[in-house]
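The structure appears below as structure tokens.
Quick caveat, the model's predicted, so the values are computed rather than measured. These numbers come from the heavy atoms of this one structure, side chains and all, not from hydrogens, waters or symmetry mates.
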Amino acid sequence: MGSQALQILRQGVWASLTGGWYVDPHQSTFSNCFHLYLWIFLLAFPFLLLVVAGVYCAVIAAFFTAIKAVNFRLHAMFDLGEIVEKRRASFTTDPNRVEEGEEGSGAHDGSQRSESLFEDSSDEDDGSDMSAGSSLGSQRRFSSDDEDDDEDDDSSSSTSCYSPDLTNTGITSQPVPPHLPSPGEGEEPDTVGPSHSCSAQRSASTASAKTHARVLSMDGAGGGSNNTGTLASTMLPLPLSSAPAPRPLTISKSDLEARTVHSEGFSRAHHRLDSLGGSWAGNQTGWRAGELLEEGAVGGGEERTDSFLIIHHESPHESQENTLMIEEKAKPKQYYRFWVLPGKWLRVRYDRLALLALLDRNRRVGENVFSVVLASLVAFLGFLLLFQGFFRDIWVFQFCLVIASCQYSLLKSVQPDAASPMHGHNWIIVYSRPVYFCLCCVLISVFDLVGHSDSMRPFTLYGVTFFSTHFLLCARDMLIVFTLCFPIIFLFGLLPQVNTFLMCLLEQVDMHIFGGTATTSPLSSVYSLLRSIVVAALVYGFCLGAINAPWGEAHVPVLFSVFCGLLLALSYHLSRQSSDPTILWSASPHIHDFPVILLHHQLCDRHLMFCFFFFIKETLHSDLVMCPLMAIITFAISASTVFIALQPALSFVLYILAGVVGFTTHYLLPQLRKQLPWFCLAHPVLRSREYSQFEVRDAAQLMWFEKLYAWLQCVEKYFIYPAVVLNSLTTEAHTVSQNPDKPGTVITSFICFFSGRALFISVAGMKLLRTSFCVPSQQYVTLCFTALFFQFDYPRFSQTFLLDYYCMSILFSKLWDLLYKLRFVLTYIAPWQITWGSAFHAFAQPFAVPHSAMLFVQAVFSALFCTPLNPVLGSAVFVTSYTRPVKFWERDYNTKRVDHSNTRLATQLDRNPGADDNNLNSIFYEHLTRSLQHSLCGDLLLGRWGNYSTGDCFILASDYLNALVHIIEIGNGLVTFQLRGLEFRGTYCQQREVEAITEGVEEDEGCCCCEPGHLPHMLSFNAAFGQRWLAWEVAATKYVLEGYSISDNNAASMLQVFDLRKILITYYVKSIIYYVTRSPKLEEWLANETVQEALRPCLSPSYMDSDPTFNLNIDEDYDHRASGITPSSFCLVYLEWIKYCNSRRQTPVESEKDSPLVTLCFGLCILGRRALGTASHSMSASLEPFLYGLHALFKGDFRITSPRDEWVFADMDLLNRVVAPGVRMSLKLHQDHFTSPDEYEDPVVLYDAITANEEKMLISHEGDPVWRSAILANMPSLLALRHVMDDGSDEYKIIMLNKRFLSFRVIKVNRECVRGLWAGQQQELVFLRNRNPERGSIQNAKQALRNMINSSCDQPIGYPIYVSPLTTSFAGAHVQLRSVWGGPISPHNIYTWFISSWDRLQKGCGAGCNSGGNIEDSDCGGGSTSISNNPAAHPPQNTASSIPQPHPTTVQPLMGKTHASLVLLMYHHPPPINKAMMCAGCKFHSSLAFSRD
């Protein structure tokens, strides 16, 4: 704990204050010194401005260019370069042993030269040794080729490098023998002497280098004392006549023993030498022999002795370093060639890890250029502010500290940063400090320049003067203070990374200025803002021309009416489009060329895309009709002067109407439909039909109040609010046109500030119209407050109603956020329900009380800048995080299911990584996401989730499914959301919170400390009080969705006794016989010569298979007299079943006892049972091996090991289409046996049961991709055998799924509670590095659902088992909503309606002219269906909805085809698809929207 705290203080707190510099004890001295000197240089260099002011920026640019270029080249060298290893001397007393390279001859070559003893001693010094005490080694990190190569180096490795041969030569302390070559014989010259040389070689074998490394490591292995002794023994003088001999690469036991003897024999010499050091050696502590050798201090034998003594007279720190050096003696000497110029290179002894510890890596050239530009810009802007005299005294040092931190972060950044949203190295966060610094410096300069000039014209709004000289200078001073506080700001992580800041800024501007929706990515935010600007610019010209035109008392210019029509039509179109441009771009014009596909998992996604494209085109085609129609109607209404002639009565009527309709729609009806209306009533007043049902068996019924809610919303958003906005626009334009040049008016100054009188009218009108179209639920509150406050309470503060309404709409959005934050804080820290998850919580609780005022200030600040308030470590202390978008998470994380389609076959058979419960259960959340795609948008518009707004979070709770639904974007007819599924078997804390949201409070009778009871259908005092102090509320208790009921049975309990296993084996054999006779390839198999030849021995009357797999206890046809299975015993049990199955064939074959069919069935049944025994890996009769083998066969792991069964390879369909489905079907029949034990004794019943199961049920392993496809395609029933290995348990479960309607409780959670807890978890795990799995911040807190919310974070911060991609649901996919509002009005639907009406008219006229006929009969004759009376309805949809459509999974497979493939038909030349087929297919498919990754 103490070391972790020190690490946080060092790498987190101190590094955040300095911009990334800190002393890391785990790194080398060179690295720490380099960082320190670099930091001091960047900090002190700005103080030299008075001397070198002109070259400061140039020096910084050149300095950063050099560092980035060298760093980039070094990393490129590590990626593409080669490792060069030199030959080294071998320290041994055996004159006949030398180290041999892979390509060496094994003898001492004359071209090789012996290396110095002390050179090799220093050669083995690694980076840690050099950096700890060697200043010479630090200076010689890079050395030229013609320098001495005996310097400190780091052993490096690269997968793309050559590996050299390792050849060590013998060493003597005598003069060099005359047979050794001179430096001029092709070798590199030495700078020390003839005995100080090496030779470098390269090899193309990487594996050989690894082999050498392993051998050398064995040579140098052992304890510290043994290694020291070995090193000392190798330094004994060798005789002159020592001749090197070849030595094998391996080492024997005798060699090790001999080495031990040498070590023991040298101990006495070691002690003698240790006493001869003298004071000279003590004065040279910290210098190594190799370094002294390079400096010429070691020359002859006397100096060699002194240098050797130095090794043993050193400080404890050096002793530890030399111990490390000795332990690494076996590592080969390696270096890289760093090419400076053609033919000129430097020797680099640095590896990649050491370089990464020294400097951050920029992988692309553009990143390096951008870093240099940013560093130069920081220097230039910093110099500019210092030169202009904005800082004095100590603030100059503080500002230079900020400059240094911004520049240093470009070289070595803070990782992880307090604002980093991810673990590991975040390359984007590197640019945060310099970008924010440049932005602040530019704003300071601009505000100062504009403040001292008279060009900016101030204006006053609600009594506050903006952009005056005092205002600009105050803003400049605030920015100066903000810049000086950069270290503290980045320590607390108050500023996000650059891309998040850009996304948040553009999103807030688009939402609050132009009325846009939330965005899903930085690209989405740019696209959304650009299209808003384009539309505003388009209508601005019409508005400007209309305002400059003459206005009469009862006259509206035509140009202004055109402006109103265009504004309303374009705002309506923008409100119906998603902010993500990829949705619009993905609408392919060749969508009709897609084949008809129903089930396959890849093609099923394509069918989902097909439906998605259909709804996009449906929306665009509807807008193509509705936008011109709305523009024409608006033009006519505006030109009628109704908004001028009926003033002011019309305004008050519209305000009252909007208030009444809004109060009824968005307050009264939702409260009456809540589970606890006003937290006083115990039951909802307006109840759905499913409310009183214990188990829901059908889809939710459409109620009258849901229709009323939908129609009131329609009237509100399409009639009332457009009339209110158009009335305000007309009044505003008329006022401006009547007083165009009136000096001193507030509105004139305001409009002049926005560079035109019409700009504000255009922007405000577009914002108010788009908001009323998308989210009308909160508009009535803003409108009523604006009318009452500025018309009656304080009319003197009113500017114009349009301006008041526009400003209040922005203010109220912030006030709603503030209200949610205060509710969250007060609920979380309420003393009567506080839950302390750790000792820190108890410690922080009393300290948070005196800071309540500061907490309120933080809440106001966070509401203003859209930043979450997160509890520190889950305690009662709150801090402000950085600003977040509505989407919240910067990363597009979504779960990738692990199955057989994305894992290797060997992995599936051995470990099966996708077999854990969480991975297998994630498919149910994926299916739930698809169901929500179909129904979410329509259910929201029908009021089934209560009131909703952008960013809201809901929890769907069922028996085993608990999912958090985050609503991100709300448009007019579309909703974008993300679902996060929690674990089925959650932790104890999760279970306590699930109980809290599922238990009822109606039976609570408490009042304070007593229990007096409560009034009928009312809550008690304690229950009502407790419900008001929760961060969540129950929105609905019976929300119906299509899903699967999951039942799991323990396979061990069902197969424990032998009789039950015998039943399973019997059904196994009968299933194999069934699939053999059903196969269309039966005649081919019976005529196959290979099969006939292999099964011919089975025709013998005396044939008997006595495999140990067969057992009397589990095989019904076991012949105990023959101790095996014979054809006679087999026919005695199964011949009747074979004959019956054969009789059900269209063309029966011979099925007598000695017929080929019976023989084939016998062979396959023997093979199947033998495969089961082989997979069990045990011949015992215990249950565990039997279950293991059954599961292996169930997932398709058939291992044919007996030569008698190899005939099955003649056609693999015998395994794939007969034996494999037989195993799976037997498990289903065994399950049914418990409900009807004697029913399957009748062959007719058994045959029909197998056929029905094959058609309506999928029996497959859960890792098979077809399992996922079947669930997403709504297969009625599924069965699987699951092997569960979790928490020490090893059991097998039979999973049974049945498709039905599930009932969910919808819990609405305070969105600021969710955002705050998410932000707290991110900061705690990423920045504070708290990896405690039982940390206090994830303990249960029922009032805030802390554990469930924190568990839903992105992995690895949280642990959800499924996170969906951003998913869009369309209102057109909801069948019940279409029945209320009708289908879209598109050109195709209008054409179809006219054709249908003409046909009805013709039939009606024909029926009227004939006696005994009527219109209805003639209309319905000929196979036609009646058309809906609603002209706006979509005829193909209505036709499809009136005709029962078969479910895709209920299509009958072809004879002999199993449904394991689950692909019905896919043609290379598909038939054309008409519109009716498209609509019907889209309507009845379960996946009706689009998921985006």
**Request:** Cation-pi check, Arg891 to Tyr893: give yes when NZ or CZ is under 6.0 Å from the six-membered ring centre and within 45° of the ring axis, no otherwise.
**Result:** no
Is the shortest side-chain N to carboxylate O distance from [X] to [Y] below 4.0 Å?
X: Lys1308; Y: Asp952; answer: yes
X: Asp79; Y: Arg361; answer: yes
X: Arg1268; Y: Glu926; answer: yes

Answer whether the closest heavy-atom distance between the side chains of [X] and [Y] falls below 4.5 Å.
X: Leu9; Y: Trp14; answer: no
X: Leu356; Y: His75; answer: yes
X: Trp1032; Y: Phe954; answer: no

**Prompt:** Quick check: are there more than 12 heavy atoms from other residues, nucleotides or ligands sitting under 6.0 Å from CZ of Arg10?
**Reply:** yes
**Prompt:** Who passes side-chain hydrogen bond (donor to acceptor under 3.5 Å, both in side chains) against Asn426, sequence neighbours left out?
**Reply:** Ser420, Gln497
Output all residues satisfying salt bridge (charged side-chain N to carboxylate O under 4.0 Å, His left out) with [X], sequence neighbours left out; order by chain, then residue number.
X: Arg770; result: none
X: Arg364; result: Glu367
X: Glu890; result: none

**Ser579, Ser528, Ser525 screened by side-chain hydrogen bond (donor to acceptor under 3.5 Å, both in side chains) with Asp510, the one that passes** = Ser528
**Selection residues 505-532 - residue pairs positive for ring-ring contact (aromatic ring centres under 6.0 Å, His included), sequence neighbours left out** = none
**Request:** Say whether Arg985 and Gln990, considering side chains only, have a donor N or O and an acceptor N or O under 3.5 Å apart.
**Result:** no
**Request:** May I ask you to check whether Arg980 and Ser1364 show a side-chain donor-acceptor distance below 3.5 Å?
**Result:** no
Quick check on the 6.0 Å ring-centre criterion: do [X] and [Y] meet it?
X: Tyr882; Y: Phe492; result: no
X: His966; Y: Trp1318; result: yes
X: Phe490; Y: Phe486; result: yes
X: Tyr436; Y: Phe482; result: no

**Request:** Of all the heavy-atom pairs spanning Lys814 and Leu864, show the shortest one and how long it is.
**Result:** NZ-O, 3.4 Å
**Item:** Least distance between heavy atoms, Cys937 atom then Ala1371 atom
**Value:** SG-N, 3.6 Å
**Item:** Pairs involving residues 410-425, ordered by first then second residue, that meet salt bridge (charged side-chain N to carboxylate O under 4.0 Å, His left out) (sequence neighbours left out)
**Value:** Asp360-Lys412
